[in-house]
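We name chains A, B, ... by the order of the sequence lines, and we start the count at 1 in each one.
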There are 2 protein chains.
Amino acid sequence: MMNWGKAWLNYKKIDGMEETKLLDEIYYYWEDPIIVNAAAELETALTKMQEISVTSRRIEKGEEAKLPSGVILQVEESSSLDKEGYRITREENKIFIEGKEPTGVLYGAFHLIRLIGCGESIERLAIEEAPSNPNRMLNHWDNIDGSIERGYAGKSIFFDKENILLNDRTRDYARLCASVGINGVVINNVNVRGAATRLITKEYLPQLKKMADIFHGYGIKLFLSLNFAAPMEIGGLTLADPLDSQVITWWKGAFKEIYEYIPDFGGFLVKADSEGRPGPFTYHRTHAEGANMLAEIIKPYGGIIVWRCFVYNCKQDWRDRLTDRAKAGYDNFMPLDGKFNDNVILQIKNGPMDFQVREPVSPLLGGLRHTNQILEVQVTQEYTGQQRHVCYLIPMWEEVLKFKTYCGEKADTVADIVSGRTFYQTNCGMAGVANIGNDENWTGHDLAAANWYGFGRISWDTTLTAEEIAKEWILMTFSDDERVIENITGILMNSWPAYEKYTSPLGIGWMVNPGHHYGPNVDGYEYDRWGTYHRADCKGIGVERGQAGTGYTLQYHEPNASMYEKIETCPEELLLFFHYISYTHKLKSGKTLIQHIYDTHFEGVEDVEEMIKKWKALEGSIDSDAFERVTLRLKEQLSNSKDWRDIVNSYFYRKSGIADGKNRTIY
Amino acid sequence: MMNWGKAWLNYKKIDGMEETKLLDEIYYYWEDPIIVNAAAELETALTKMQEISVTSRRIEKGEEAKLPSGVILQVEESSSLDKEGYRITREENKIFIEGKEPTGVLYGAFHLIRLIGCGESIERLAIEEAPSNPNRMLNHWDNIDGSIERGYAGKSIFFDKENILLNDRTRDYARLCASVGINGVVINNVNVRGAATRLITKEYLPQLKKMADIFHGYGIKLFLSLNFAAPMEIGGLTLADPLDSQVITWWKGAFKEIYEYIPDFGGFLVKADSEGRPGPFTYHRTHAEGANMLAEIIKPYGGIIVWRCFVYNCKQDWRDRLTDRAKAGYDNFMPLDGKFNDNVILQIKNGPMDFQVREPVSPLLGGLRHTNQILEVQVTQEYTGQQRHVCYLIPMWEEVLKFKTYCGEKADTVADIVSGRTFYQTNCGMAGVANIGNDENWTGHDLAAANWYGFGRISWDTTLTAEEIAKEWILMTFSDDERVIENITGILMNSWPAYEKYTSPLGIGWMVNPGHHYGPNVDGYEYDRWGTYHRADCKGIGVERGQAGTGYTLQYHEPNASMYEKIETCPEELLLFFHYISYTHKLKSGKTLIQHIYDTHFEGVEDVEEMIKKWKALEGSIDSDAFERVTLRLKEQLSNSKDWRDIVNSYFYRKSGIADGKNRTIY
């Protein structure tokens, strides 16, 4: 039986490695916890993958020349490498992993392990890598009581009953993150309530310091989410006005204390004036004034303030067709472009709404020119099947990263912008809302671990394809059996399209049960206050966001604005996001919209049946526990996908009165 | 300021009482706690209503002849009166209240207080009354943690944090119940979970005994809801099979213990095999076998078993149009008619579904001939505005009681059947799911107290009209000011029709948010598992329950069956309950169905505006606290009624595509 708590670091014997007996000793020059961890990681991996005895030891600089063979880890501070970059080279029976700093060596070690684990040749090695993005973060929405907001894999690994958890999983979590290049972790929910507000105090700092130390050994900085009203809630002040001197003094004291405990503390993530959270608006201050106040205080310590752009009116009247939630992020933050300090980063969700199965790219990406930006994606599957459905999300993020914003610079894709190269920024990157919990396999659905793995990999190297990442993950996790690779790749790569087919059509989004967001409910948010409507009637469906409607299309640069504006050029997968369309409108396929809805919903279920067939063919070829767990979830997914199909199709059939062209059962 | 904790027993000075100085002494023969309470009640009431000093004292039998004046309470065990009946007579300056038992005297005392409180003449008195129903019960859905399922008036007055509460409110509650004739009270939720299962044990019995003693003084028997799985959950047995000898032995021991503490304990209410509660089905036993087992054991103590008929498949597939939840009660219980012991009573909800704003009468009422029956109505406003909307429910119950079942007996109305006179039964009656909690005014909405008052009154005397009851309650509660009486009567009497107009149309029901059941959501239960569908499409709406559909109409006797079967004779207020009807179908008014939906939804809101006008005119004429509380709730009701109007109308406009004939705004 496999230990699923090790996920893709559950090293297996690699066939055909017997001849490469050179990998039996690890040497390192530098006594640094990160280097020691890198060496230990290699020792463990190479022992298991070769089924030989491997040792590691420290050597003096220069000694390596005398060694006959082995893997040599070296830090060259004068190197031309990126600060997190590495170089892997081979000279006869020696492999050198060089970094400018220890983290580079650690990442190089994991690279070598991945190469071997994926069965790549190590005969010749001349690798040099640097990360695409300086910040590669996970955001955990873990509550201090141990629950996880939008968590689908058990309880928190960081908190339990208002206490900090520190155990073997803390280290395994850090190892798994580091192995895919994640270098920053926000451990608590952006909605900071109750005792979580006190995480920044002496009550919790001694324990947090221990966690930060573990993380430090894997190149990971600890961040916290911050409660903007903390000066009132725990500081005894009567206000939290960012320009008030008492408030500033209070924050100064708080930050000083944090850095006394944790000198390499990363900084804070802030959700302010959003969905009921407190913020600078209360005091008629701007987001910039709020963020800059904190940024100035944290600057001397080298910390950063990550400020979320998820700000909109969550008390909209559904009767109002002019207010458009999609416009809110741009309208709120564009006027502030250039007003944020250089250690403030705006964190922007990939789409303008909220992590739907299909959204256009947020127009803030390409809009903002003078502001550090982080692209936020949701690894946890809130709207994409909640880890009961397979939904491999890397293809979605790949599309987002490749999107051309036409912002007027040569490097104008989202990947360019969030890497910092478009506007010459150093504080940029990607953040993923984590999908893990204390379930033995970390992610509930075994196949959801590919999203954790993939988030790290694509934020390290935005040029990787979703399929390459899938294959790496399968090889590292399951087996190098051809059919295993082919079938699981097939399942993963078709999972997002399948989920999209049987859920809400053509970019309209939602249609889920309110609150928990699981399962179909076409009108679930239609008459609610959240700004998320489909406006379906007996003739058609869609939100008119062109100039004749809310004018959202104007937030894009040309030619994107015109492309979205015109029905003929609007990408069909986003047609209902941008326009109200008649059920009888002919799509490029020649099908009417209504027939497209019916067909895709039947197809989506068939796709799930196909996935099940592919999965069942693997019985005996992969670990039987994982096989059974995924089999059960696929069964549930099939049943759920039928519910989606039947409810969505029945809804539109009842509303339109137009029969299915293929006479299938619609209720 | 008034003490709203006294509700309608908050005695006020009655003008024009000065000359009736005869009511300054109360005399009673009998040293019984109920008689002492009756005398005390009269003493308090007459003191306050006359603003004079009133005293009460015990006399010896025969002494009354020598008294010059006063109110004389006497128990005549040999009287021809009903055991709970009373006679009130006047001889010159003496008023006699006579009962066969002390409770009759207590009810007579409250009758006299009500007469005076309502400003009736007491010059000549020759009153003789007996209750219509032997059992007049309140069912509280109070949980042992202090919460109340479907409670809208604060927390429980009986439980807090797994403890029994005993305080001044316990007595006031009993006084208020007794004043309207309620004689049985189930204090805990029919869904018996956790510690509530242990209410029947020594852990709670000493405290329950104290509560039962207070209740006893007001003629009220204490009942409990029972967990059918108690032998397993607290008895350590491995099963709860009603035919198993160990199980029977366990129940015998449990009941013996209860009656040792509380000799006049009423018995049990049981929700078995319903919505996930355990029951005899688990052991392939019938409801009759389950109920009779308990009934046999409790019989020697004089207790009864009230068995709820709310049994249906709560895991229905919405795609299935043949299964009909409305049929379930009849299908489950008719085959058992005559199989229940004589101390078992089946408790039947007024309608076949679940307390909707409009339902036909359950066909079990009139179907069952050899079974004791209790009519269950819902005083707490789960589906009728949750005590944020005014909804005076007595007119609904009046309709239900007057419904002719055509069961083949001369006395064939529901009132006849549940009184026991149709089939010569003694264990029958009415139960109301209580609407009270620990809010100062008991019911949250001040006007909701009329439903508590009214439930008692109409279950005591089923010939009373809703309007008579409303007037009594207003006089006792607020004032004898003409405009106060007229306006509040107007508000109450129009409140159920108004609520019906702006919510779900013509008997179709539901259209509420799932779970909490508040606020409009037309498709809220449409694709769910609860068997509660409206089947609306672009052409029409309604559930076909005639012979061409589910055949539910066949559960009624003729001519009701045919009346419901035919669209032309089906009462229009139930049209969509019984039939799928086209939006263009002409109603008797000459309006199409769709226009009727639009019009009633606009009218409902206008009715609320009218209520507000009537209420505002009372400023200064009634207690200002109550005035303000109700004003606030009416404001909320108006806003909510507009949501209902706009969401329901928009839903049907979007679905049908048919414009409003009057061109009003529909979204």
> Which bit of B/Arg321 is near chain A, if near means a heavy-atom gap under 4.5 Å: side chain, backbone, both or neither?
Replying inline: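 Answer is side chain: those atoms of B/Arg321 sit under 4.5 Å from chain A.
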>> Does any backbone or side-chain atom of B/Thr665 lie under 4.5 Å from a heavy atom of chain A? Answer side chain, backbone, both or neither.
In response: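 Looking at B/Thr665, nothing touches chain A.
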How far apart are the closest heavy atoms of [X] and [Y], and which atoms are they?
X        : Y        : value
A/Cys538 : B/Ser656 : SG-C, 4.0 Å
B/Lys642 : A/Arg319 : O-NH2, 3.5 Å
B/Ile647 : A/Trp318 : CG1-CZ2, 3.4 Å

> Within a reach of under 6.0 Å around OH of A/Tyr152, are more than 12 heavy atoms found that belong to other residues, nucleotides or ligands?
Replying inline: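 Yes - once you tally the heavy atoms of other residues, nucleotides and ligands closer than 6.0 Å, there are more than 12.
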> Does B/Lys539 NZ have over 12 foreign heavy atoms under 6.0 Å away?
Replying inline: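 It does not: B/Lys539 NZ has 12 such atoms or fewer within range.
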> Listed by residue number, which members of residues 523-531 of chain B have a heavy atom under 4.5 Å from any heavy atom of chain A?
Replying inline: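 Residues B/Asp523, B/Glu526, B/Tyr527 are the ones that qualify, each having a heavy atom under 4.5 Å from chain A.
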> Just how far is it from atom NZ of A/Lys655 to atom OH of B/Tyr651, taken to the nearest 0.5 Å?
Replying inline: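 The distance works out to 6.0 Å.
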> Among A/Asn513, A/Asp643, A/Asp317, which has the most heavy-atom pairs under 4.5 Å with chain B?
Replying inline: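 Option with the top pair count is A/Asp643.
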